[in-house]
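To start, the structure under review is shown below, and the notes come after it.
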Amino acid sequence: MQTKILMVCLGNICRSPLAEGILQSKLSTQNFIVDSAGTGGWHAGELPDKRSIATAKNHGVDITSQRARQFRKGDFDTFDIIYTMDMSNYKDILSLAPNENAKQKVKLILNELFPDENVEVPDPYYGGLNGFEEVYRMLDEACSIIAKNLQK
Ligand code: 4NP
């Protein structure tokens, strides 16, 4: 059976598309499904932000087949692990969880790198390309650990 992992941010155009692409590139598609969504639906149907696409491309990761969508309650049934990018996403998703089992699936992604420190992936939307590169590096480190642990 495939393990299904969902990456969640606010708009699903900057951070979570990068997280989806990076983790996918580290796992076999045979055993894992990686997807992403936003807590908000304003960008539904759109491609990832041009800066996310360019940053991923610089690292050899193609995220242009992705389209933004809003998180839905059914995602709690579909996915085994739900990684959020910041405390605001974390609280928003947790507040939608229908039961304890669903709550257990929700994690802050950088806690994989810095356990229990609740470090956030900063929202790069209003900044420049440097912010996207910084986000990429953080997510790449976290996803390396996630991939290693999932394939143990
Ligand atoms: P993301 O970044 O949550 O990393 O996709 C954002 C994208 C769009 C907006 C905010 C954050 N926005 O307000 O439109």
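As the structure lists them, so they are numbered: ligands from 1, and atoms in each ligand from 1.
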Closest protein heavy atom (residue, atom, distance) for [atom]:
atom: atom 2 (O) of ligand 1; value: D123 OD1, 3.2 Å
atom: atom 1 (P) of ligand 1; value: C9 SG, 3.5 Å
atom: atom 13 (O) of ligand 1; value: Y126 OH, 3.8 Å

Exercise. Pick one: which of L108, I109, I82 meets side chain to side chain contact (heavy atoms under 4.5 Å, CB included) with Y90?
Worked result: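 That would be L108.
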For this session: Only one of E20, K26, Q24 passes side chain to side chain contact (heavy atoms under 4.5 Å, CB included) with I22; say which it is.
Result: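 Testing each of E20, K26, Q24 against I22, the sole residue satisfying side chain to side chain contact (heavy atoms under 4.5 Å, CB included) is K26.
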Problem set entry | Region of N12 that comes within reach of ligand 1 [heavy atoms, distance under 4.0 Å] | backbone
Contacting atoms of ligand 1, where contact means under 4.0 angstrom from a heavy atom of [X]:
X: L10; answer: 3 (O), 10 (C), 11 (C)
X: G11; answer: 1 (P), 3 (O), 5 (O)
X: I13; answer: 5 (O), 7 (C), 8 (C)
X: C14; answer: 1 (P), 2 (O), 4 (O), 5 (O)

For this session: Any side-chain hydrogen bond (donor to acceptor under 3.5 Å, both in side chains) involving residues 109-119? Give me the pairs, sequence neighbours left out, ordered by first then second residue.
Result: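 Applying side-chain hydrogen bond (donor to acceptor under 3.5 Å, both in side chains) to every pair that reaches into residues 109-119, excluding sequence neighbours, yields Y83-E112, N111-N118.
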Exercise. Are the side chain of T84 and the backbone N or O of K107 linked by a donor-acceptor pair below 3.5 Å?
Worked result: yes
For this session: Count the heavy atoms belonging to other residues, nucleotides or ligands that lie under 6.0 Å from CZ of R67, then report whether that count exceeds 12.
Result: yes
Exercise. Does the side chain of N12 come under 3.5 Å of the side chain of S36 through a donor N or O and an acceptor N or O?
Worked result: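 Yes, a side-chain donor-acceptor pair sits under 3.5 Å.
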For this session: Would you kindly say whether D86 and N89 are connected by a side-chain donor-acceptor distance under 3.5 Å?
Result: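 The answer is yes; a qualifying pair exists.
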Seminar exercise, completed: Looking at H43, E46, R15, the heavy atom closest to atom 14 (O) of ligand 1 belongs to H43
